[in-house]
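One structure is given here, and the rest of the page talks about it.
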Amino acid sequence: MHELFNFKSGKTIAFASDIDELTPEQYLYYLELAMKYMSGEIADVQELKRLLFVKLTDLKVSWKMHFYNPETREQIWAALAEKIDLLDSFFDIDEQADGRKVYKMHLDSARNLLPEYKGWQAPDWCLDSITVGEFVSCIELLKQIRRLSAEPTEENEKAVNVCGKQLFYNLYKPKSARTPKLGTRNSELETVYFHVINYFGYFVEIITTTPLVINGNSIDFSVLFPKPDESDETSEQRDGDIGWNGVIFSVAETGVFGNVEQIMKEKLISILLFLYKRHLDVKEQEKKLKEIAP
């Protein structure tokens, strides 16, 4: 957390230094700014940081500011510039050869920073609850979103929101027996859909590339998700699709988790652990065969 000391009141103000420290309300606002920044609606990084600073510190900006001449307003913001630049911690900053700085906002978190929304809830960590069926459905939606995003037309943007809404329903569950409605399409919902797309995409990246600690053991599920060409550093990003139809039928043949329908309702973590154990067994068998080979 960042801290500011108010000499007038004698109080210290603490505010977030990165997205993991944001409240859900602040996080939604942060994503709204990110979407405007990526679309070019906000082009000035300093303005972006000003808006975020005001939100995080709950700074009261007088309505009179709108009537100050531009020079006076700039003088006021200049006095706060040093404090506002604390929010550089929300960016990866790449300094170009010509001295220009390129700011990339932090958007990824392994933790779900929007665990509740309008009567819907999801766990902090997707792997805790997602089923095989939900995961496979989400993978297909994510692939559609990436295809649609490759050609950013108005029609495709609407289709992306439809996919984002379905992702939301896969990842979130109603808190009560009565299923709450999300409402009609609006800017806040678009921000929520952006969250679920970004969050699930990063979740897939983590489980397909990064060792995880599960029950005190480090487990690298990335061995189950090879790139198309492991020798090619520029090969396509892992997308979580390992030919799930074939995998599910293969697991069903073992009878460990029941039939295909039962496997689709099984938690993803259980199937991943089963596949990982089977992978290790195969590697161990291959090692033994090499040792006894003439």
Side-chain angles (χ1 to χ4, degrees), residues 1-38 41-66 68 72-95 101-126 128 171-172 175 187-192 194-203 205-206 210 212-213:
M1 299 290 283
H2 291 309
E3 291 187 347
L4 292 176
F5 182 71
N6 188 322
F7 286 97
K8 186 175 181 180
S9 67
K11 296 181 180 179
T12 297
I13 300 173
F15 60 97
S17 60
D18 207 345
I19 60 172
D20 285 317
E21 296 173 346
L22 296 173
T23 66
E25 179 195 5
Q26 291 171 340
Y27 172 66
L28 275 180
Y29 181 75
Y30 180 79
L31 289 185
E32 182 184 333
L33 291 179
M35 293 168 68
K36 291 180 179 179
Y37 182 53
M38 290 187 291
E41 187 175 341
I42 297 178
D44 182 4
V45 172
Q46 198 64 17
E47 176 63 16
L48 178 67
K49 289 191 290 184
R50 287 177 184 175
L51 293 169
L52 185 59
F53 183 83
V54 168
K55 178 70 173 179
L56 299 187
T57 59
D58 196 25
L59 182 68
K60 305 302 182 186
V61 180
S62 172
W63 59 270
K64 295 179 182 179
M65 277 279 283
H66 296 290
Y68 294 161
T72 302
R73 286 203 302 269
E74 284 304 313
Q75 289 175 346
I76 293 172
W77 284 117
L80 288 168
E82 181 182 347
K83 304 304 181 184
I84 290 174
D85 282 342
L86 287 172
L87 297 185
D88 279 352
S89 60
F90 281 88
F91 299 84
D92 288 323
I93 305 173
D94 184 17
E95 188 163 351
K101 292 182 178 180
V102 177
Y103 288 75
K104 182 180 179 182
M105 296 178 73
H106 295 168
L107 294 174
D108 298 327
S109 176
R111 185 167 61 88
N112 185 356
L113 301 180
L114 189 68
E116 293 188 19
Y117 183 74
K118 295 190 181 300
W120 295 82
Q121 61 183 3
D124 282 351
W125 174 228
C126 195
D128 287 340
L171 299 178
Y172 286 74
K175 294 175 65 175
S187 59
E188 183 175 275
L189 276 178
E190 289 181 6
T191 307
V192 171
F194 178 80
H195 157 69
V196 293
I197 294 169
N198 186 70
Y199 171 64
F200 183 75
Y202 189 59
F203 167 69
E205 181 181 337
I206 289 176
T210 308
L212 304 174
V213 177

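Atom-to-atom distance recorded for Lys36:NZ and Thr191:OG1 is 8.5 Å, nearest 0.5 angstrom. Atom NZ of Lys175 and atom CH2 of Trp120 lie 12.5 Å apart (nearest 0.5 Å). Here Leu52 contributes atom CG and Phe90 contributes atom CZ; the two are 5.5 Å apart, rounded to the nearest 0.5 Å. Note that CG of Leu33 and CE of Met38 are 10.5 Å apart. Values are rounded to the nearest 0.5 Å. Note: Leu87 CG to Thr57 OG1 = 8.5 Å, rounded to the nearest 0.5 Å.
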Trace of the side-chain contact (heavy atoms from CB on, under 4.5 Å) decision for Leu114 with Tyr199: CA-CA 10 Å; Leu114 189 68; Tyr199 171 64; over 6 Å; no
Quick one, Leu22 with Leu113, criterion side-chain contact (heavy atoms from CB on, under 4.5 Å). Give me CA distance, side-chain angles, the key distance, then yes/no. CA-CA 8 Å; Leu22 296 173; Leu113 301 180; 5.8 Å; no
Going through the checks in order, is the side-chain contact (heavy atoms from CB on, under 4.5 Å) test met by Gln46 and Asp85? CA-CA 8 Å; Gln46 198 64 17; Asp85 282 342; 3.5 Å; yes
Trace of the side-chain hydrogen bond (donor to acceptor under 3.5 Å, both in side chains) decision for Tyr37 with Glu47: CA-CA 10 Å; Tyr37 182 53; Glu47 176 63 16; over 6 Å; no
After noting the C-alpha distance and the side-chain angles of Ile42 and Leu51, does the key distance pass the side-chain contact (heavy atoms from CB on, under 4.5 Å) rule? CA-CA 10 Å; Ile42 297 178; Leu51 293 169; 3.8 Å; yes
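Using a 4.0 Å cut-off between charged nitrogen and carboxylate oxygen, Lys55 and Glu32 do not count as a salt-bridge pair. Between Lys49 and Asp88, at least one side-chain nitrogen of the basic residue sits less than 4.0 Å from a carboxylate oxygen of the acidic one, meeting the salt-bridge criterion.
Inspection of the Tyr30 and Glu25 side chains reveals no N or O donor paired with an N or O acceptor under 3.5 Å.
At a threshold of 4.5 Å between non-hydrogen side-chain atoms, the residues Leu31 and Tyr27 count as touching. Using a 4.5 Å cut-off on side-chain heavy atoms (C-beta onward), Tyr172 and Asn112 make contact. Inter-residue side-chain proximity for Leu212 and Trp125 is flagged as met; some heavy-atom pair is nearer than 4.5 Å.
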Listing, residues 102-109 side-chain donor-acceptor contacts under 3.5 Å, not counting sequence neighbours, or none:
{"unit_1": "His106", "atom_1": "ND1", "unit_2": "Asp18", "atom_2": "OD1", "d": "3.1"}
{"unit_1": "His106", "atom_1": "ND1", "unit_2": "Asp18", "atom_2": "OD2", "d": "3.2"}
{"unit_1": "His106", "atom_1": "ND1", "unit_2": "Ser89", "atom_2": "O", "d": "3.4"}
{"unit_1": "His106", "atom_1": "NE2", "unit_2": "Phe91", "atom_2": "O", "d": "3.4"}
{"unit_1": "His106", "atom_1": "NE2", "unit_2": "Asp92", "atom_2": "OD1", "d": "3.1"}
{"unit_1": "Asp108", "atom_1": "OD1", "unit_2": "Asn198", "atom_2": "ND2", "d": "3.4"}
{"unit_1": "Ser109", "atom_1": "OG", "unit_2": "Asp20", "atom_2": "OD1", "d": "2.5"}
{"unit_1": "Ser109", "atom_1": "OG", "unit_2": "Arg111", "atom_2": "N", "d": "3.2"}
{"unit_1": "Ser109", "atom_1": "OG", "unit_2": "Arg111", "atom_2": "O", "d": "3.3"}

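Distance alone, capped at 3.5 Å, is enough to place a donor-acceptor pair between the Glu21 side chain and the Met1 backbone.
Nearest heavy-atom pair, Met35 versus Glu190, reported as atom, atom and distance to 0.1 Å: CE-O, 4.0 Å. Scanning both residues, Phe15 and Leu56, for their nearest heavy atoms gives CB-O, 3.7 Å. Taking each heavy atom of Leu86 and His2 in turn, the nearest pair found is O-NE2, 3.0 Å.
A tilted orientation is assigned to the rings of Phe200 and Phe203, their planes being inclined by 30° to 60°.
Between His195 and Tyr117, the gap from one ring centroid to the other reaches at least 6.0 Å.
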